[in-house]
Student: 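Structure below; questions to follow.
Residue numbers start at 1 and run along the sequence shown.
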Amino acid sequence: MYLLRKKARTPGRLRSEIYFLIGWMLLAQTVMAQPRDLNQYDHDSKPYYFGITLGANMSRFQTSLHSKFLQNDSILIAEPQNSKGFALGLLATARLSDRFQLRFNPQLMFTERSIFYKLKHPEGGQTDIIKTIESVIVTFPFQVKLQSDRIGNFRVYMMTGVKSDIDLASNARAKKAEDLVKIKKYDYGVELGLGFNFFFESFIFSPEIKISNGLRNIHSRDEFLKYSSVFDKIQSRMIVFSIHIEG
């Protein structure tokens with residue numbers, strides 16, 4: 001009777017073990033599905049957040065020669081060159097939806113643009129001369145950011161927008177400017193970029209690269225200036241690599 005009673009209880013014990021195993025698996029799956037595995041799992045629900053920006057840039061002028069350049073008897077070649085610079089800025093981002101964000105990223109940029117000239121007649125014993133135009137630019141970019149879903153603590157995004165620039169070092173009103181290329185103080189343009197979000201426990205690390213092109217003719221032409229008169233139109237071109245630290 002004892003053996004029969006033991007055998008009769010075995011199926012019940014088996015069912016209990018199966019139920020326990022199923023319950024344990026469901027609990028484990030629920031725990032794994034919790035957002036606690038993600039750094040700043042509730043970040044996407046924030047209506048806005050802020051950050052700082054550190055950047056480096058490669059800039060140059062996009063030039064168009066004046067129609068009278070071929071008549072010039074002193075300058076044979078006038079070509080813009082690439083130059084490096086850096087930037088510091090602030091960042092403010094507002095949530096529009098799960099996919100779109102609005103971003104304001106004012107920066108102070110220190111850069112210089114160079115132009116290479118080849119002269120027909122030597123000047124100071126040289127026929128190859130480089131003129132450098134230094135700029136301290138306050139830029140105000142407004143951007144729309146399109147972001148992907150989070151893959152763990154990683155995300156990809158694209159951005160596009162418009163900007164307005166003020167060159168604090170503009171030489172457009174310089175009086176003794178015989179050897180200068182005069183550049184206007186104000187500019188505006190468009191931007192397009194790609195970036196990545198890496199989520200850490202206390203901050204978001206976001207490297208980004210973008211193209212920033214000015215649309216305005218910033219050349220203050222003076223036909224009596226040797227190095228400036230050869231150009232009709234000058235626009236700004238810039239490739240910017242930025243690192244955003246966001247909260």
Side-chain angles (χ1 to χ4, degrees), residues 14-59 84-111 137-165 188-213 237-247:
L14 182 60
R15 285 194 298 269
S16 298
E17 292 177 357
I18 293 175
Y19 292 153
F20 176 78
L21 181 61
I22 293 175
W24 184 86
M25 292 176 64
L26 291 174
L27 179 61
Q29 184 177 2
T30 302
V31 172
M32 292 179 64
Q34 292 296 321
R36 297 172 184 173
D37 292 339
L38 300 178
N39 293 327
Q40 304 190 45
Y41 63 89
D42 60 343
H43 185 271
D44 288 351
S45 62
K46 292 182 177 181
Y48 57 86
Y49 55 93
F50 303 97
I52 61 174
T53 299
L54 304 175
N57 59 70
M58 181 72 71
S59 60
K84 299 178 182 178
F86 66 96
L88 302 171
L90 301 175
L91 182 65
T93 305
R95 181 180 182 273
L96 300 178
S97 67
D98 292 339
R99 292 288 184 205
F100 291 95
Q101 294 181 330
L102 182 63
R103 196 167 73 171
F104 178 49
N105 189 204
Q107 298 181 43
L108 181 63
M109 309 184 74
F110 300 87
T111 187
I137 300 173
V138 181
T139 181
F140 301 95
F142 288 89
Q143 304 156 350
V144 175
K145 177 180 171 184
L146 171 62
Q147 61 185 17
S148 69
D149 292 330
R150 283 185 63 168
I151 306 173
N153 291 314
F154 173 77
R155 168 180 284 153
V156 181
Y157 67 88
M158 296 181 64
M159 50 75 59
T160 184
V162 296
K163 67 167 186 173
S164 177
D165 294 345
Y188 57 86
V190 295
E191 298 184 322
L192 179 66
L194 173 70
F196 308 92
N197 294 140
F198 295 93
F199 291 82
F200 293 89
E201 291 185 1
S202 57
F203 66 93
I204 303 173
F205 179 79
S206 304
E208 175 186 287
I209 186 169
K210 69 178 180 180
I211 298 173
S212 180
N213 288 347
R237 296 290 183 266
M238 191 176 294
I239 297 176
V240 183
F241 176 76
S242 301
I243 293 177
H244 307 298
I245 308 296
E246 304 172 85

Student: Below 30° counts as parallel, above 60° as perpendicular, anything between as tilted: where do the rings of Phe200 and Phe205 land?
Tutor: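 Perpendicular, since the angle between the ring planes exceeds 60°.
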Student: Is Val162 close to Tyr188 at the side-chain level, that is, under 4.5 Å between some pair of heavy atoms?
Tutor: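 No; the side chains remain at least 4.5 Å from each other.
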Student: Can you measure from CG (Leu194) to OG1 (Thr160) and round to the nearest 0.5 angstrom?
Tutor: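 Leu194 CG to Thr160 OG1: 12.5 Å, rounded to 0.5 Å.
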Student: Work out which heavy atom in Leu90 is nearest to a heavy atom in Ile52; give both atom names and the distance.
Tutor: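 Reported closest heavy-atom pair: CD2-CG2, 4.3 Å.
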Student: Taking all non-hydrogen atoms of both residues, which atom of Phe110 and which atom of Asn57 are closest, and how far apart?
Tutor: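 Answer, listing the atom of Phe110 first, then Asn57: O-ND2, 4.3 Å.
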Student: Ignoring hydrogens and angles, state whether a donor on the side chain of Thr93 or Lys145 is under 3.5 Å from an acceptor on the partner side chain.
Tutor: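 On atom types as modelled, these side chains do not qualify, holding no pair under 3.5 Å.
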Student: For Ser206 and Glu246, does a side-chain donor sit closer than 3.5 Å to a side-chain acceptor?
Tutor: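 Note: Ser206 and Glu246 side chains meet the donor-acceptor criterion.
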Student: Could you report the tightest heavy-atom contact between Asn39 and Arg150, atom names first, then the distance?
Tutor: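 The answer is O-NH2, 3.0 Å.
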Student: May I ask you to check whether over 12 heavy atoms, not counting those of Met58, lie within 6.0 Å of atom CE?
Tutor: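 Correct, the count exceeds 12.
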Student: For Gly247 and Gln40, which heavy atoms make the closest approach, and how far apart are they?
Tutor: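 For Gly247 and Gln40, the tightest heavy-atom pair comes out as C-OE1, 4.4 Å.
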Student: Taking side chain as C-beta onward, heavy atoms only, is Leu88 less than 4.5 Å from Leu54?
Tutor: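 Sidechains of Leu54 and Leu88: in contact.
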Student: Taking the six-membered ring for Trp, is the centroid-to-centroid distance between Phe198 and Phe154 below 6.0 Å?
Tutor: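 Yes, the ring of Phe198 comes within the 6.0 Å limit of the ring of Phe154, centre to centre.
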Student: Got a second to check how far Leu146's CG is from Ser97's OG, nearest 0.5 Å?
Tutor: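 Result: 8.5 Å between the selected atoms.
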Student: My understanding is that only one of Tyr157, Phe196, Phe241 makes a side chain to side chain contact (heavy atoms under 4.5 Å, CB included) with Glu208; could you say which?
Tutor: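 Output: one option passes, namely Tyr157.
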Student: Looking at every heavy atom in both Thr111 and Ser59, which two are closest together, and how far apart are they?
Tutor: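 So the minimum-distance heavy-atom pair works out to OG1-OG, 2.8 Å.
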Student: Can you see which heavy atom on Pro141 is nearest to which on Phe104, and at what distance?
Tutor: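 Looks like O-CD1, 3.4 Å.
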Student: Taking NZ, NE, NH1 and NH2 as the nitrogens, is one of them in Lys163 or Glu191 under 4.0 Å from a carboxylate oxygen of the other?
Tutor: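 Salt bridge flag = no for Glu191 with Lys163.
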Student: If I take atom CD from residue Gln101 and atom CG from residue Leu96, how far apart are they, to the nearest 0.5 angstrom?
Tutor: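 If we round to the nearest 0.5 Å, Gln101:CD and Leu96:CG are 7.5 Å apart.
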Student: To the nearest 0.5 Å, tell me how far Ser212 OG sits from Asp165 CG.
Tutor: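 If we round to the nearest 0.5 Å, Ser212:OG and Asp165:CG are 6.5 Å apart.
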Student: Just one of Arg155, Arg95, Arg99 clears the salt bridge (charged side-chain N to carboxylate O under 4.0 Å, His left out) bar with Asp44, so which one?
Tutor: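 The salt bridge (charged side-chain N to carboxylate O under 4.0 Å, His left out) with Asp44 is passed solely by Arg155 among Arg155, Arg95, Arg99.
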